[in-house]
Amino acid sequence: MRILIAEDDEALARFVRQGLESEHYTVDVVGDGEQARAAAVEGEYDVVILDLNLPTLDGVSVLRHVRLKKPSQPVLVLTQRSRVEDRVQCLDTGADDYLAKPFSFNELSARIRALVRRSHLPSESVLTVGDLKLDRVQRVVERAGRRIELTAKEFSLLEYLMRHAGRSVTRSMIIEHVWNLTFDTTTNVVDVYINYLRRKVDDGHATKLIHTVRGVGYGLNGVAEKPTAEAQA
């Protein structure tokens, strides 16, 4: 699961980010409205956490733009504004939830889980490739009915591969989406974690789901007929 935090209070953003990362979310943080608008529209996020008092562009304007471009994008407003008028304005503009500061992190986490449950259709919340199933909300993985225990990064990597099943993905794409880093050609972290997954997901099964795509990267349950634009570059 990937979450965007739009918050100009660096200490608060760091607190929320650390809390969410401890719950195994991948988190991006932006500090102003222009960045928030671009990231929310151009990126793929399960939830956007949006402050209203952002520099360069206020949160309501960001929300209005996101709703226009992505009608189904879940947005949770997190703000110091606690007036009924503010809540009504945001909910009418398209916010899915509204939480006033100060807040309990446990409550914020519960609201995020509720948003994710409501926003994902059953077919989207549970990914299936062959006899492999991954529940994105409950964070449970099974193959042929047997539970597979994964670390947070292994889970995120498998989720990314399953969301792109049938396509080839490059190492740089994996690094960016799973580790939230720019790809370093000297690192073998992706290959190491792919090997971890292979041992847990494929060992003992006649059908191997995780494949190496020579000259590109990796794929799950086959290679796309047409590689991604990044792979063609």
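Quick note: numbers below take in every heavy atom, side chains included, and nothing from hydrogens, waters or symmetry partners.
Between the NE2 atom of His205 and the OG1 atom of Thr207 there is a distance of 9.5 Å, given to the nearest 0.5 Å. Atom-to-atom distance recorded for Tyr25:OH and Asp46:CG is 8.5 Å, nearest 0.5 angstrom. In this structure, the separation between CZ on Arg83 and CZ on Arg87 is 10.5 Å, given to the nearest 0.5 Å. Atom CG of residue Leu150 and atom CG of residue Leu197 lie 6.5 Å apart, to the nearest 0.5 angstrom. Rounding to the nearest 0.5 angstrom, the gap separating the CG atom in Leu50 from the SG atom in Cys90 is 7.5 Å. Of the inter-residue distances, the one linking Ile210 atom CD1 with Leu161 atom CG reads 6.5 Å to the nearest 0.5 angstrom.
In summary, Asp97 and Arg111 engage in a salt bridge, as defined by a charged side-chain N under 4.0 Å from a carboxylate O. A salt bridge links Arg163 and Glu44; the closest N-O separation between the charged side-chain nitrogens and carboxylate oxygens is under 4.0 Å. Using a 4.0 Å cut-off between charged side-chain N and carboxylate O, Arg199 and Glu154 make no salt bridge.
Under the 3.5 Å distance criterion, the side-chain polar atoms of Lys153 are matched with a main-chain donor or acceptor of Val178. A distance-only check finds no donor-acceptor pair linking the side chain of Gln138 to the backbone of Val140 [under 3.5 Å]. In this structure, the side chain of Lys133 does not engage the main chain of Val141 through any donor-acceptor pair within 3.5 Å. Using modelled atom types, no side-chain atom of Thr212 and backbone atom of Arg214 make a donor-acceptor pair closer than 3.5 Å. Under the 3.5 Å distance criterion, the side-chain polar atoms of Gln89 are left unmatched by any main-chain donor or acceptor of Glu85.
Considering all non-hydrogen atoms of both residues, Ala39 and Leu4 come closest at CB-CD2, 3.9 Å. For the pair Leu63 and Ala95, the tightest heavy-atom approach, listed with the atom from each and the gap, is CD2-N, 3.8 Å. Scanning all heavy atoms of the two residues, the minimum distance from Leu157 to Ile174 falls at CD1-CG2, 3.5 Å. Closest approach of Leu209 to His211, counting heavy atoms only: O-CD2, 3.2 Å. Of all non-hydrogen atoms in Ala40 and Val66, the two that sit nearest each other are CB-CG2, 3.7 Å. Summarising the geometry of Leu54 relative to Gly31, their closest heavy-atom pair is CD2-O, 4.4 Å, with the distance given to 0.1 Å.
At least one side-chain heavy atom of Leu132 sits less than 4.5 Å from a side-chain heavy atom of Met162. Between Asp51 and Asp8, some side-chain heavy-atom pair lies under the 4.5 Å cut-off. Counting heavy atoms from C-beta outward, Pro74 and Val116 have side chains that stay 4.5 Å or more apart. Counting heavy atoms from C-beta on, the side chains of Val60 and Leu52 come closer than 4.5 Å. Proximity of Ile49 to Leu20: side-chain heavy atoms (C-beta onward) are separated by under 4.5 Å at one or more points.
Listed by first and then second residue, the ring pair (Phe, Tyr, Trp, His ring centres under 6.0 Å) pairs involving residues 141-163 are Tyr160-His164, Tyr160-His177 (not counting sequence neighbours). Residue pairs meeting the salt bridge (Lys or Arg N to Asp or Glu O under 4.0 Å) criterion with at least one member in residues 20-35, sequence neighbours excluded, are Arg2-Asp28, Arg17-Glu21, Glu34-Arg37. Residue pairs meeting the side chain to side chain donor-acceptor pair (under 3.5 Å) criterion with at least one member in residues 62-79, sequence neighbours excluded, are Arg67-Asp96.
Linking ILVMFWY residues whenever their side-chain heavy atoms come closer than 4.5 Å, directly or via other members, leaves Val88 and Leu78 in distinct clusters. Hydrophobic clustering of Ile, Leu, Val, Met, Phe, Trp and Tyr side chains at less than 4.5 Å, counting indirect connections, unites Leu127 with Leu220. By the rule that hydrophobic residues join a cluster once side-chain heavy atoms approach within less than 4.5 Å of another member, Val201 and Val189 end up as members of one cluster. Grouping the Ile, Leu, Val, Met, Phe, Trp and Tyr side chains by contacts below 4.5 angstrom, directly or via other members, places Val84 apart from Leu99. One hydrophobic cluster holds both Leu76 and Phe15 under the rule that ILVMFWY side chains link at heavy-atom gaps under 4.5 Å.
For Phe103, the ring pair (Phe, Tyr, Trp, His ring centres under 6.0 Å) test picks out no residue, with sequence neighbours left out. Annotation: side chain to side chain contact (heavy atoms under 4.5 Å, CB included) contacts of Ala152 (sequence neighbours excluded): His24. Not counting sequence neighbours, the partners of Tyr193 by the ring pair (Phe, Tyr, Trp, His ring centres under 6.0 Å) test are Trp179, Tyr196.
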Decide yes or no on side-chain contact (heavy atoms from CB on, under 4.5 Å) for Leu12 and Lys101, but give the supporting numbers first. CA-CA 10 Å; Leu12 178 60; Lys101 304 172 186 176; 3.5 Å; yes

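Checked by atom type, the side-chain pair Tyr218/Asp191 shows a donor-acceptor distance below 3.5 Å. Of the N and O atoms on the side chains of Asp58 and Ser61, at least one donor lies less than 3.5 Å from an acceptor on the other residue.
More than 12 heavy atoms of other residues, nucleotides or ligands shown are found within 6.0 angstrom of CD on Glu142.
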